[in-house]
Amino acid sequence: QVQLEESGGGLVQAGGSLRLSCAGSGRTFSTYAMGWFRQAPGKEREFVTAASWSGGMIVYANSVKGRFTFSRDTAKNTSYLQMNSLKPEDTAVYYCAIAGGRSIATIRERYDYWGQGTQVTVSS
C-alpha cells in the first residue's frame, strides 16, 4: 500500500516562502520518479516540478523556474518543494506524486500514486 502525505501549506503574503513536504510509505522514493503538481480552483491540475529516480535530473514548469526547488531525503523517504518569491497566482492545492517508472515525467498520466494535497494561498 503506497501512501503519500503532503504538509507545509498555508497562507503567506506575496514575496514570502513556504516549504512543502511529502512523506511516503510503501514505495521507495529513490527507485521511482517523483513530481509535484498543483490545481487552482476551476483549473486543470498542472505540472510544477519532477525528478528522475536518481534525482539527477529535475525539471520545472516555466512559471516556477528560478523560484521553486525540488529536493528529497531518501533516508526519510520524503521529498520537499521549497517555494520562494511566491505570487498570488501560485495559489492552489499542491500534490506530490510518485510515478510507475524511473524516467522523469511531466504529465499526470505517468503517475501512479498521489497525496491528498495541501492548500497554498498567497495574498497580494
Side-chain angles (χ1 to χ4, degrees):
Q1 181 79 11
V2 177
Q3 291 185 322
L4 301 173
E5 183 174 1
E6 303 93 339
S7 61
L11 173 64
V12 64
Q13 287 189 330
S17 299
L18 283 174
R19 189 176 82 153
L20 306 183
S21 300
C22 173
S25 62
R27 182 172 281 190
T28 304
F29 281 17
S30 60
T31 307
Y32 296 91
M34 293 195 64
W36 285 88
F37 289 74
R38 66 186 181 186
Q39 188 166 16
K43 294 188 176 182
E44 295 281 318
R45 191 172 298 188
E46 67 174 7
F47 166 76
V48 175
T49 181
S52 61
W53 70 276
S54 66
M57 180 179 291
I58 301 173
V59 296
Y60 297 93
N62 288 336
S63 59
V64 307
K65 199 173 294 183
R67 300 187 297 122
F68 289 14
T69 304
F70 174 96
S71 64
R72 66 180 188 179
D73 184 333
T74 55
K76 295 181 179 179
N77 223 35
T78 300
S79 70
Y80 304 96
L81 182 63
Q82 178 67 43
M83 306 186 296
N84 298 329
S85 301
L86 282 162
K87 305 175 181 179
E89 50 264 44
D90 294 319
T91 295
V93 177
Y94 283 72
Y95 300 88
C96 67
I98 191 164
R102 295 187 169 196
S103 300
I104 200 164
T106 61
I107 59 173
R108 293 174 292 171
E109 291 75 12
R110 293 281 303 277
Y111 287 86
D112 289 348
Y113 298 98
W114 296 81
Q116 82 289 348
T118 185
Q119 176 70 47
V120 171
T121 302
V122 184
S123 63
S124 57

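Between the side chain of Tyr111 and the backbone N or O of Ala105 there is at least one donor-acceptor pair closer than 3.5 Å. Between the side chain of Thr118 and the main chain of Gly9, a donor-acceptor pair closer than 3.5 Å is present. For Thr49 (side chain) and Tyr60 (main-chain N/O), no donor-acceptor pair under 3.5 Å exists by modelled atom type. At distances below 3.5 Å, at least one donor-acceptor pair connects side-chain atoms of Asn77 with backbone N or O atoms of Gly24.
Among residue pairs with one or both ends in residues 81-124, those qualifying as disulfide (SG to SG under 2.5 Å) are Cys22-Cys96; sequence neighbours excluded. Applying the disulfide (SG to SG under 2.5 Å) definition to pairs two or more places apart or across chains, none involves residues 31-61. The stretch residues 56-94 participates, sequence neighbours left out, in no disulfide (SG to SG under 2.5 Å) pair at all.
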I'd like to know whether Arg102 forms a side-chain contact (heavy atoms from CB on, under 4.5 Å) with Thr31, so could you lay out the CA-CA distance, the side-chain angles of the two residues, the decisive distance to 0.1 Å, and finally the verdict. CA-CA 7 Å; Arg102 295 187 169 196; Thr31 307; 4.1 Å; yes

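One side chain, Ser17 or Asn84, offers a donor N or O that lies under 3.5 Å from an acceptor on the other.
With sequence neighbours excluded, the residues satisfying ring-ring contact (aromatic ring centres under 6.0 Å, His included) with Phe47 are Phe37. For the side-chain hydrogen bond (donor to acceptor under 3.5 Å, both in side chains) test, residues two or more places apart in sequence or in another chain that qualify with Arg108 are Glu44. Residues passing the ring-ring contact (aromatic ring centres under 6.0 Å, His included) test with Tyr94: none are found, sequence neighbours excluded.
When every heavy atom of Ile104 is checked against every heavy atom of Met57, the shortest pair comes out as CD1-O, 3.4 Å.
A heavy-atom distance below 4.5 Å is found between the side chains of Tyr95 and Gln39.
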